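What follows is one structure encoded as structure tokens, with my remarks underneath.
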Amino acid sequence: MAIRDFAQTSDGIKIRYEIRGAGEPVALIMGFSGSGRGWGEAFLQLMEARFKIFVIDNRGTGESDKPDTEFTLGDLAADIAAVLDHAKTPRAHIFGISMGGMIAQEFALAYPERTRGLVLGCTNCGSSHSIMADPAALASLMPPPDMDRVEAARRAFSVACGKVFLNSEAGQAILSQAIAEMGNYPITPLDTLMRQGQAVAGFDSFARLGQIKSPTLIIHGDDDSIVPYSNADVLHGAIAGSKKHTLKAAGHMFFWEVPDETVRVAGDFLAAVK
């Protein structure tokens, strides 16, 4: 049975989280604009069958508080620590995707003693050494204020998902179901999107990556239009002893597109971490 609760940060922000499953703890950190539900049920159910997962709404998303104040990705990493504190979990595996992968890097650097295994999905190390996406693709993630919510979602998914997934009947069914379920939980405000964008723009971990000592897996789809696949090579080269797994023909939403392979590879990696 899932446990749902709120942790409070040092600056008084309430962060909503859910615990599912049993076993070794894994904190799941979502990316730009998404709440914890953004991982998708197929992925979450596979993960909770193997681990005790923490499904977290970043501040400004889902059911967490939404203050219109500036924050850094380091602040969001501290929010994850607050969740683990509240749940009396001193040490956990950390699995972040996209912006969540950047937060995961900040967590591993700030809390090395609390980071068991580290999985970095479809992410980069900041603008100084990253390979940037086509600006038009990134613009699709920021809908005009007056755009219909469903239209905005389909526009974002059209670049966030890989072409094989988008062109498949199963992929379209998954997207239609996800869009239909959007009304079941709070929409991420435009203010949050702006604050997240500022936080990502201020992030750069490249010079610090050598300090990451936790066993690290870099997992990335080779048809990613949002964070180009070459970024996986940059991270792999900078984090000593890291491993890399390529998800063939998968896009930025690989955890929706190929959840079985994602959980098998990441799960086997984390299970082997001592």
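On a predicted model such as this, the values are computed, not experimentally measured, just so you know.
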Lys/Arg-Asp/Glu bridge criterion (N-O < 4.0 Å) met for [X], [Y]:
{"X": "Arg37", "Y": "Glu63", "value": "yes"}
{"X": "Arg116", "Y": "Glu24", "value": "yes"}
{"X": "Asp57", "Y": "Lys14", "value": "no"}
{"X": "Asp65", "Y": "Arg59", "value": "no"}
{"X": "Asp68", "Y": "Arg195", "value": "yes"}

Which word best sums up how the rings of Phe107 and Tyr111 line up, parallel for under 30°, tilted for 30 to 60°, or perpendicular for over 60°? tilted
For the residue pair Phe157 and Trp256, does the interplanar ring angle fall in the parallel (under 30°), tilted (30 to 60°) or perpendicular (over 60°) class? tilted
Which heavy-atom pair separates [X] from [Y] by the least distance, and what is that distance?
{"X": "Leu209", "Y": "Cys125", "value": "CD1-CB, 3.8 Å"}
{"X": "Pro25", "Y": "Arg91", "value": "CG-O, 3.4 Å"}
{"X": "Ala156", "Y": "Leu141", "value": "CB-CD2, 4.0 Å"}
{"X": "Ala250", "Y": "Val258", "value": "CB-CG2, 4.2 Å"}
{"X": "Gly60", "Y": "Thr188", "value": "O-CG2, 3.9 Å"}
{"X": "Glu257", "Y": "His252", "value": "OE2-N, 4.0 Å"}

Tell me, do Thr72 and Phe203 make a side-chain contact under 4.5 Å, heavy atoms counted?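 No, too far: nothing below the 4.5 Å cut-off.
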Would you say Met194 has more than 12 foreign heavy atoms packed within less than 6.0 Å of its CE? no
Atom CD of residue position Glu113 - does it have more than 12 heavy atoms of other residues, nucleotides or ligands inside 6.0 Å?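 Correct, the count exceeds 12.
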Backbone N/O of [Y] and side chain of [X]: donor-acceptor pair under 3.5 Å:
{"X": "His236", "Y": "Ser242", "result": "yes"}
{"X": "Ser176", "Y": "Ala173", "result": "no"}
{"X": "Arg208", "Y": "Asp204", "result": "yes"}

Check the pair Ile53, Leu44 against side chain to side chain contact (heavy atoms under 4.5 Å, CB included), reporting the backbone distance first and the verdict last. CA-CA 8 Å; Ile53 58 173; Leu44 292 174; 4.0 Å; yes
Count I, L, V, M, F, W, Y as connected when their side-chain heavy atoms are under 4.5 Å apart, and connections chain through other members. Are Phe254 and Phe165 then in the same cluster?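 Same cluster.
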Single-linkage hydrophobic cluster, 4.5 Å side-chain cutoff, Leu109 and Val234 together: yes
Between His86 and Tyr17, ring centroids under 6.0 Å: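 Centroid distance His86-Tyr17: below 6.0 Å, so yes.
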